[in-house]
Novice: 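This is the structure, below, for whatever I ask next.
On a predicted model such as this, the values are computed, not experimentally measured, just so you know. Position 1 is the first residue of the sequence; numbering continues from there.
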Amino acid sequence: MRGLNRLPKWVFTAVLSCSLGFGTANAETSSHGIAMHGELKYPSGFEHFEYVNPNAPKGGSLREASIGTFDSLNPFIIKGTAADGTGLMYDSLLARALDEPFSLYGLLAKEVVLDPQRRWVEFELHSEATFSDGQPVTAEDVVFTFNTLLEKGSPFFKSYYGGIEEIKALSPTRVHFDFGDTTNQELPLIVGEVPILPKHYWQERDFSSPSLDIPVGSGPYSIKRIDPGRTIVYQRRDDYWGKDLPVNIGRHNFDQRQFDYYRDSTVALEAFKAGEYDYRSEHTSKAWATGYTGTPFDDGRISKEEIQHQNPRGMQGFIMNTRRPQFASAKTREALTYAFDFEWTNQNLFYNAYTRTNSYFDNSEMAADELPTPAELAILEPVRDQVPPEVFTQVYKAPQTDGSGRNRKQLRQALRLLQQDGWSLQDGKLVNAAGEPFRFEILLVQKEFQRVVSPFIRNLERLGISADIRIVDVSQYINLLRQFDFDMIVYGFGQSSSPGNEQRDYWKSDNADRPGSLNLIGIRNPAVDYLVEELIAAPNREQLVLHARALDRVLQWNHYVIPHYHISAWRIAYWNHLAHPETSPKYDIGLDTWWAKP
């Protein structure tokens with residue numbers, strides 16, 4: 001679901017520990033960047049990131065596919081469906097290194113000054129930084145950006161940046177962020193990843209309404225052409241002010257970036273094989289196993305690669321809307337997990353390509369995949385009376401079957417749990433104490449997922465539960481999710497290598513009824529609220545890992561989702577006129593480091 005469950009990269013950020021060499025405990029110090037924990041990999045004066053080709057040729061184009069449609073060029077609000085690629089138009093104060101868990105280096109900002117207690121941070125801007133219309137980027141633009149996003153932007157911004165007490169311009173090129181006495185360890189970094197907007201462009205326009213007016217930005221690309229709902233083309237700026245910065249060397253190599261929209265992934269794959277676009281990331285195991293065949297693959301014109309990465313895989317699954325009465329009880333939610341037969345699905349539908357997901361931080365050290373240590377138990381002790389007892393005594397594992405498709409044992413266990421929770425079978429139908437049948441709707445945006453959902457529905461029917469599939473287009477899907485108007489969906493909560501403020505938007509109670517938030521489950525759990533804030537305040541990497549595991553355990557044992565599966569590699573295919581560096585970054589595919597062969 002491209003664009004639907006992915007947050008901007010500046011969501012997944014982290015912050016510096018005072019032992020970085022950034023400064024002493026007694027005085028603030030300026031630096032060229034900030035790391036979450038430990039030392040910065042790249043020293044002051046570094047020439048370029050190691051995962052780029054500094055001599056990559058400029059030119060050519062990169063065409064990609066998008067699914068659905070778009071009706072807006074404003075990705076910062078909840079109204080409308082924004083076009084893909086809009087981030088190409090904007091620079092932020094800092095840029096992320098894709099080969100470090102979380103480090104940021106100067107982009108619009110040439111200098112960062114951090115208070116050792118992290119009560120404030122200042123950024124000194126490059127005086128030569130300009131927007132695409134030639135106007136300078138100033139501290140006032142930074143102030144305007146944050147004030148506008150907090151007042152008129154998506155609810156995400158209020159949740160994510162709520163710890164900012166004051167932003168002020170100290171000079172035309174220096175901006176100051178005050179965080180008060182916050183214990184939020186991420187704030188000095190995450191403010192550095194926000195795309196900076198031009199005040200002179202937006203102050204006379206309605207920021208809260210979707211628009212197809214071409215905006216002004218300070219980034220490496222500007223919009224060349226749009227065909228609303230079908231195509232958007234970005235042109236690399238010859239006058240881009242930051243092209244020679246160390247963080248940009250070897251990047252932004254294509255003259256044009258183009259996104260063409262298709263109605264579904266099946267049509268898009270056929271278009272790719274016909275040469276209608278250049279690069280494709282595949283998320284469907286059946287398509288990867290059977291669809292990438294034919295003459296272009298045989299003669300080498302299209303290359304296939306699986307690139308291993310070190311990213312946490314997050315949690316994809318059947319997401320239950322706990323605002324609905326049939327999903328309000330954790331025991332009922334647990335029962336439904338026994339109706340999804342992953343082993344059969346993996347063997348018969350996925351060519352055994354996947355690993356079962358058990359953790360919200362799978363494929364990382366933050367996954368709670370062993371019994372809690374004494375240090376974790378100490379973190380969990382304040383909420384002992386508010387969490388399931390299994391949190392302290394068991395390791396969560398999603399239900400398993402033998403893969404035969406005859407999962408009677410699991411369904412018997414599901415029925416026992418349902419009966420314990422007040423449900424009963426009457427004439428083959430599961431009903432509650434009031435005689436109301438257990439039925440719900442599974443909302444999908446990808447019709448390809450029907451083959452995964454249909455066996456699940458058949459198992460539900462054996463329990464006396466009636467479930468229907470409803471498929472909608474992308475725009476309708478987004479609007480329904482924004483209003484929490486669904487029973488169950490297939491969704492994924494992505495995670496970074498350094499989780500933090502985004503966890504508020506995912507899980508905290510005060511986002512459960514805020515339209516547009518990512519608390520799609522509707523979690524209202526004081527123990528989760530407490531653990532999220534403790535995670536955000538973790539003072540070092542060791543404590544971050546321990547707090548992530550503690551949060552993981554509580555989410556697992558509340559059975560908010562029916563876990564799906566994951567793979568720890570990117571599956572990509574591309575036409576042979578494209579090339580990429582020999583070294584891939586650990587935490588991203590690094591598509592902006594690719595180039596077109598001359």
Novice: Without hydrogens or angle criteria, can the side chains of Gln400 and Gln410 be said to hold a donor-acceptor pair below 3.5 Å?
Specialist: no

Novice: Side chains of Asp99 and Tyr42: do they bring a donor and an acceptor to under 3.5 Å?
Specialist: yes

Novice: Is a side-chain donor-acceptor pair under 3.5 Å present for Asn74 with Ser72?
Specialist: no

Novice: So, do Tyr587 and His309 have ring centers that fall under 6.0 Å from each other?
Specialist: no

Novice: Check this for me: Arg406, atom CZ, are more than 12 non-hydrogen atoms of other residues, nucleotides or ligands nearer than 6.0 Å?
Specialist: no

Novice: Using side-chain heavy atoms (C-beta onward) and a distance below 4.5 Å, is Ser92 in contact with Leu108?
Specialist: no

Novice: Run the ring pair (Phe, Tyr, Trp, His ring centres under 6.0 Å) test against Tyr90 and tell me which residues pass, sequence neighbours left out.
Specialist: Phe76

Novice: Any donor and acceptor pair, going by atom type alone, linking the side chain of Asp84 with main-chain N or O of Ser66 inside 3.5 Å?
Specialist: no

Novice: Please name the pair of heavy atoms, one in Ile77 and one in Pro210, separated by the smallest distance, quoted to 0.1 Å.
Specialist: CD1-N, 3.7 Å

Novice: Whether the side chain of Lys41 engages the backbone of Glu100 through a donor-acceptor N/O pair (distance < 3.5 Å, no angle test) should be reported.
Specialist: no

Novice: For the backbone of Ala339 and the side chain of Asn459, can you confirm whether one donor and one acceptor N or O come within less than 3.5 Å of each other?
Specialist: yes

Novice: For a quick test of reading the model, state the closest non-hydrogen atom pair linking Arg63 to Glu276 and the distance between them.
Specialist: NH1-O, 3.1 Å

Novice: Take atom CD of Glu582 as the centre, draw a 6.0 Å sphere, and report whether it contains more than 12 heavy atoms from other residues, nucleotides or ligands.
Specialist: no

Novice: So does His559 get a backbone contact from the side chain of Glu334, meaning a donor-acceptor N/O pair under 3.5 Å?
Specialist: no

Novice: Under 3.5 Å, is there a donor-acceptor pair between the Asn363 and His566 side chains?
Specialist: no

Novice: Checking Asp91 against Trp241 for the side chain to side chain donor-acceptor pair (under 3.5 Å) test, could you report, in this order, the C-alpha distance in whole Å, the side-chain angles of both residues, the deciding distance, and whether it holds?
Specialist: CA-CA 11 Å; Asp91 276 340; Trp241 74 273; 3.1 Å; yes

Novice: Out of the candidates Asp244, Asp588, Asp592, only one should pair with Arg251 under the salt bridge (charged side-chain N to carboxylate O under 4.0 Å, His left out) rule; please name it.
Specialist: Asp592

Novice: Just jot down the ring pair (Phe, Tyr, Trp, His ring centres under 6.0 Å) partners of Tyr277, sequence neighbours excluded, or say none.
Specialist: Tyr262, Phe272

Novice: Regarding Lys273 and the six-membered ring of Trp575, is the cationic atom NZ or CZ under 6.0 Å from the ring centre and inside 45° of its axis?
Specialist: no

Novice: Given the rule in the side chain to side chain donor-acceptor pair (under 3.5 Å) test, do Asp402 and Ser404 qualify, once you have shown the distances and angles that lead to the verdict?
Specialist: CA-CA 6 Å; Asp402 60 9; Ser404 67; 2.7 Å; yes

Novice: Ignoring hydrogens and angles, tell me if any N or O in the side chain of Arg356 forms a donor-acceptor pair with the backbone of Phe342 under 3.5 Å.
Specialist: no

Novice: Any luck finding a side-chain donor-acceptor pair between Tyr292 and Arg280 under 3.5 Å?
Specialist: yes

Novice: Just do the side chain to side chain contact (heavy atoms under 4.5 Å, CB included) check on Met488 and Asn321 with the steps written out, would you?
Specialist: CA-CA 6 Å; Met488 180 182 285; Asn321 186 351; over 6 Å; no

Novice: Please check: side-chain N/O of Glu305 versus main-chain N/O of Ile307, any donor-acceptor pairing under 3.5 Å?
Specialist: no

Novice: Is it the case that Gln258 and Asp260 place a side-chain donor and acceptor less than 3.5 Å from each other?
Specialist: yes

Novice: Please lay out, stage by stage, how Asp369 and Asn358 fare under the test side chain to side chain contact (heavy atoms under 4.5 Å, CB included).
Specialist: CA-CA 8 Å; Asp369 52 13; Asn358 290 298; over 6 Å; no

Novice: Show your working on ring pair (Phe, Tyr, Trp, His ring centres under 6.0 Å) between Phe493 and Tyr360 and close with a plain yes or no.
Specialist: CA-CA 8 Å; Phe493 296 98; Tyr360 288 76; 7.2 Å; no

Novice: Mind checking whether Trp594 and His580 have parallel, tilted or perpendicular rings, split at 30° and 60°?
Specialist: tilted

Novice: Under the criterion side chain to side chain contact (heavy atoms under 4.5 Å, CB included), I'd like the reasoning laid out for Leu443 against Asp487: C-alpha separation, chi angles, the key distance, then a yes or no.
Specialist: CA-CA 7 Å; Leu443 182 70; Asp487 298 332; over 6 Å; no

Novice: For the side chain of Asp71 and the backbone of Thr81, is there at least one donor-acceptor N/O pair under 3.5 Å apart?
Specialist: yes

Novice: For Ser454 and Arg451, indicate whether the former's side chain and the latter's backbone hold a donor-acceptor pair under 3.5 Å.
Specialist: no

Novice: Between the side chain of Gln450 and the main-chain N/O of Lys447, is any donor-acceptor distance below 3.5 Å?
Specialist: yes

Novice: Give a yes or no on this: more than 12 heavy atoms of other residues, nucleotides or ligands lie within 6.0 Å of atom NZ of Lys286.
Specialist: no

Novice: I'd like to know if the side chain of Asn53 reaches the main chain of Asn55, judged simply by a donor and an acceptor atom lying under 3.5 Å from each other, with no hydrogens or angles considered.
Specialist: yes

Novice: Side chains of Glu186 and Asn501: is there a donor and an acceptor less than 3.5 Å apart?
Specialist: yes

Novice: Could you tell me whether Tyr221 and Tyr234 have their ring centroids closer than 6.0 angstrom?
Specialist: no

Novice: Go through the side-chain N and O atoms of Asn248 and Lys243 and say whether any donor and acceptor fall under 3.5 Å apart.
Specialist: no

Novice: Output all residues satisfying salt bridge (charged side-chain N to carboxylate O under 4.0 Å, His left out) with Arg237, sequence neighbours left out; order by chain, then residue number.
Specialist: Asp239

Novice: Going through the checks in order, is the salt bridge (charged side-chain N to carboxylate O under 4.0 Å, His left out) test met by Arg470 and Glu441?
Specialist: CA-CA 7 Å; Arg470 179 187 177 195; Glu441 180 181 83; 3.6 Å; yes

Novice: Run Tyr354 and Thr345 through side chain to side chain contact (heavy atoms under 4.5 Å, CB included) and show every step you take.
Specialist: CA-CA 10 Å; Tyr354 292 117; Thr345 302; over 6 Å; no

Novice: Can you tell whether the side chains of Glu64 and Arg257 come within less than 4.0 Å, N to carboxylate O?
Specialist: yes

Novice: Parallel, tilted or perpendicular: which describes the rings of Phe318 and His564, with under 30° parallel and over 60° perpendicular?
Specialist: perpendicular

